[in-house]
Amino acid sequence: MGVITDNLPGVLEPLPGGSVLVTAVDQLINWSRSNSLWPLTFGTSCCAIEMMMATGAARHDMARFGAEVARPSPRQADLLVIAGTIVKRMAPRLRTLYEQMAEPRYVMATGSCAICGGPFMYHSYTTIRGADEIIPVDVYVPGCPPRPEAFFYGLLTLQKMIREGESIRHPGERRRPVLAALPEGMTLDDIRKEMQDLLSHDANVNMTEAAAEGAHYSAELKDF
Amino acid sequence: MEAPNLIAAVQALQPDATVRAQSDRPTLIVPAHALVALATRLRDDPALRFDLLETHTAVDWLDEDRLELLYLLTSVPLGHHLTLSVSVDRDAPVVPTLCKVYPIAEWLEREAYDMFGILYDDHPDLRRLFLEDDWVGFPLRKDYEDDFMLERPE
Amino acid sequence: MSVHVSTLQARISGESTASSPLSTEEYFVNMGPQHPSTHGVLRLVLRLDGETVREVVPVLGYIHRGIEKMGEHGNYRQFVHLVDRMDYLSALANNWAVTMVVEKAAKMETNDRIQAIRTLVCELQRIQSHQLWWGVFGMDLGAFTPFFYGLRDREQICDIFEKTIGARLTMNYIQPGGVMYDIHPDFVKDVKAFLTYFKSKMPEYDALMTENVIIQERLRGIGKLSAERAIALGATGPVLRASGVAHDLRKSEPYGLYSQVDFDVPVGTTGDCWDRYWVRMEEMRQSVRIVEQLIDNIPEGKTFLVKPAAKIKVPAGVHYSHVETARGVLGVLLVSNGKDAPYRIHCRTPNFNNLWCIGEMATGGRIGDLVATLSSIDIVVPDIDR
């Protein structure tokens with residue numbers, strides 16, 4: 001944070017009606033911050049490829065959300081996207097990277113590995129079970145790896161969080177981890193129904209047959 | 001070269017080599033002290049020409065108290081394969097290095113040291129490959145214990 | 001007998017070997033583990049004399065997840081999905097390597113339809129992998145446009161995979177006993193459309209990079225690797241073929257339907273960065289040829305020959321199979337004791353061996369060429385570390 005934002009609340013507070021002014025400044029700063037996130041080019045494994053497809057490819061372009069200026073140096077970046085597994089040897093380096101970033105800094109954990117260790121949770125002697133054991137995480141994006149659309153949903157959630165949840169007077173209050181939540185008024189059943197429609201429409205899957213097959217399959221799995 | 005001829009040809013070079021049962025490729029058990037000389041001859045013999053060390057790793061036979069080292073050799077020009085098997089004591093696993101015959105062995109042997117604690121005599125740069133230098137234990141041994149590791153619940 | 005065990009600190013604090021009166025004081029630079037040109041979390045400790053690279057010491061383990069240990073605690077099907085995450089750009093070939101060793105050892109049957117589908121999807125993924133490499137290679141050389149071109153065309157194959165397999169990257173598709181699902185009804189149509197599209201785009205690739213004088217000047221003569229050293233260092237795949245050795249498992253030990261299709265193995269002459277570039281470009285064309293020959297001739301038949309939940313038991317012994325991925329030979333060594341889980345499973349990954357050629361290629365060159373050389377090897381770091 002620069003000199004102006006640091007001093008602004010203090011200067012304005014004694015004035016009558018100052019709080020209104022400060023809130024407006026908050027909104028303006030949060031709006032501009034949320035639309036100019038500079039991600040750090042950091043990827044450890046598979047999720048990095050999907051992130052590359054999301055940021056650089058022609059179909060999914062992160063520039064539309066004001067977050068295309070990927071920086072290789074943590075000192076110039078304010079968004080750390082943990083794309084991939086974090087292992088014991090990498091953990092101190094990740095912590096260093098995070099500490100080198102200037103405030104305000106945001107962290108997105110994309111993919112199962114960065115959330116909880118994912119497929120490498122059990123019987124692995126090195127995999128850290130979730131990046132939030134090392135650094136605070138703001139948004140979790142599930143998937144193995146998440147699709148570019150999921151990644152964008154996580155980014156939009158983060159932007160919303162910055163716009164609504166942050167106050168330059170109380171910077172500490174921001175640290176509320178959120179899952180990329182369901183949109184208002186939507187339930188899991190709606191999503192299931194939509195997926196079924198898509199499947200039967202796009203992939204010509206007969207859902208009744210598939211459900212019967214699935215039941216058969218899970219019955220067989222019990223023998224395992 | 002077909003497998004029976006190949007085994008006969010190698011046994012002509014190393015008479016005390018025995019055939020390892022239960023292997024899909026021709027596999028010979030050789031004593032550790034003969035490894036370097038045999039590998040050199042396998043590489044240089046014009047009828048064999050095993051010029052590629054495809055991979056090298058170890059197996060921990062805990063019940064039999066030994067480590068089995070497997071060297072998978074391939075001949076790129078002649079297209080045949082051979083596996084060498086060397087057994088060493090679990091408590092004092094020392095074998096000669098193959099670095100001078102196959103340069104890639106330098107890193108394959110470092111991996112085997114890292115995972116199984118096999119000590120390669122005369123290795124130019126023997127240290128851990130994947131884990132930190134101060135790591136305790138050798139993870140791929142069957143009796144490796146680690147408080148950090150989680151068992152999958154049934 | 002005592003064997004000395006060294007440390008990283010001891011390794012990089014050696015005496016200076018500067019001999020020429022023109023050489024300056026040597027110093028060390030850490031490249032990685034967080035570096036945009038190392039394609040992941042690879043760390044290279046460089047000993048430099050001015051801009052000249054004197055020594056490259058790769059330091060590994062920043063993504064070592066212990067896949068081999070985890071393999072011992074699950075059954076064979078569970079191991080297939082772990083190898084997806086090793087070389088994620090050749091996930092299908094990785095699946096196939098495990099599947100092949102299990103099928104061969106357990107004497108499981110397949111049919112021509114299964115093999116045709118496996119061959120087709122693996123070749124499509126080889127194209128996909130080379131497209132991504134092409135884009136990133138351009139970016140590493142300082143050109144941003146190839147990245148867009150490569151990824152634009154890669155999306156087309158992603159769509160084809162998504163319809164049939166349901167995933168874009170980590171496939172888990174080729175399983176012991178068959179393939180997870182039959183191909184989508186649109187598969188043949190989509191692949192043909194893609195081939196027509198891609199063949200019209202290849203001249204664009206050539207115009208942008210291959211025929212570009214700057215690129216040629218930049219790549220010719222740097223990062224040389226002789227054929228003898230390439231074999232001695234265990235290099236495989238395009239790295240070995242660029243050095244002039246026509247070693248391709250698809251030709252020398254054909255698996256799948258590779259014995260029934262007609263294709264060439266491109267080889268280079270000098271083993272420099274340009275040869276590696278050219279070999280990969282040519283491989284894309286050859287993969288297109290393979291797909292063209294197979295796409296109209298997929299035999300009829302079932303796509304899964306065993307019950308999905310059936311336990312697979314592999315007879316005791318040592319089993320080994322290898323396949324040719326986009327980066328080289330991926331071998332799976334399986335040691336079984338007759339149970340339904342492997343006693344020991346080891347992956348011989350192409351990138352592990354290819355990486356060590358960097359010392360040979362880059363030493364004596366300039367630090368600016370190191371990035372081009374590293375990128376021309378086309379490494380995937382989780383495949384090295386496993």
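Just so we're clear, the structure is a prediction, and the values are computed from it rather than from any experiment. First the proteins, then the strands, lettered A, B, ... as listed; each starts at 1.
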So which of G317(C), G66(C), A232(C) has the largest heavy-atom pair count under 4.5 angstrom toward chain B? A232(C)
Determine the minimum heavy-atom distance between N351(C) and V380(C), stating which atoms define it. OD1-N, 3.4 Å
Can you tell which part of V57(C) gets under 4.5 Å to a heavy atom of chain B, answering side chain, backbone, both or neither? side chain
Taking the six-membered ring of Y255(C) as reference, does the NZ or CZ atom of K104(C) fall below 6.0 Å from its centre and within a 45° cone about the axis? no
Which answer fits A92(B), side chain, backbone, both or neither, if we ask what part of it has an atom under 4.5 Å from a heavy atom of chain C? neither
Out of V335(C), V329(C), V245(C), D385(C), which one racks up the most heavy-atom pairs below 4.5 Å with chain B? D385(C)
Between N353(C) and L233(C), is any pair of side-chain heavy atoms under 4.5 Å apart? no
I need the residue from L108(B), L131(B), D122(B), T74(B) with the largest number of non-hydrogen atom pairs under 4.5 Å to chain C. L108(B)
Less than 6.0 Å separating the ring centroids of Y320(C) and H322(C)? yes
Name the member of E106(B), E132(B), Q22(B), R43(B) that forms the most heavy-atom pairs with chain C at distances under 4.5 Å. Q22(B)
Comparing R229(C), E68(C), E228(C), H73(C) against chain B, the one with the most heavy-atom pairs below 4.5 Å turns out to be E68(C)
Tell me, side chain or backbone of E54(B) under 4.5 Å from chain C's heavy atoms, or both, or neither? both
Does any heavy atom of chain C fall under 4.5 Å from the side chain of L129(B), the backbone, both, or neither of them? both
So what's closer than 4.5 Å to chain C heavy atoms on H123(B): side chain, backbone, both or neither? neither
Between V59(C) and chain B, with a heavy-atom cut-off of 4.5 Å, which part of the residue counts as in contact: side chain, backbone, both or neither? neither
Of the listed M115(B), R128(B), E111(B), the one with the largest count of heavy-atom pairs under 4.5 Å with chain C is E111(B)
Can you say whether D60(B) sits under 4.5 Å from chain C via the side chain, the backbone, both, or neither, judging by heavy atoms? backbone
Verify the neighbour count for atom CZ of R41(B): are there more than 12 heavy atoms of other residues, nucleotides or ligands below 6.0 Å? no
Heavy-atom distances under 4.5 Å only: say whether Y343(C) touches chain B with side chain, backbone, both or neither. both
Could you tell me which portion of L333(C) (side chain, backbone, both or neither) has an atom closer than 4.5 angstrom to a non-hydrogen atom of chain B? side chain
Could you tell me whether a side-chain N or O of N94(C) sits under 3.5 Å from a main-chain N or O of V83(C), the two making a donor and an acceptor? yes
Compute the ring centroids of F116(B) and Y113(B), then answer whether they are less than 6.0 Å apart. no
Non-hydrogen atoms of chain B under 4.5 Å away: do they reach the side chain of E253(C), the backbone, both or neither? side chain
Measuring heavy-atom distances to chain C, does D24(B) have an atom under 4.5 Å in its side chain, in its backbone, in both, or in neither? both
Are H346(C) and H56(B), when compared by the centres of their aromatic rings, separated by less than 6.0 Å? no
R20(B) versus chain C, heavy atoms under 4.5 Å apart: side chain, backbone, both or neither? side chain
Will you find, in the side chains of S75(B) and R49(B), an N or O donor that is under 3.5 Å from an N or O acceptor? no
Output yes when R250(C) and E324(C) qualify as a salt bridge under the 4.0 Å nitrogen-oxygen rule, no when they do not. no
salt_bridge(R344(C), E68(B)) N-O dist < 4.0 Å: no
Need one label for P103(B): side chain, backbone, both or neither, based on atoms under 4.5 Å from any heavy atom in chain C. both
Start with the C-alpha gap between D91(B) and R66(B), add the side-chain angles, then the distance that decides, and say whether salt bridge (Lys or Arg N to Asp or Glu O under 4.0 Å) holds. CA-CA 8 Å; D91(B) 301 322; R66(B) 69 185 173 103; over 6 Å; no
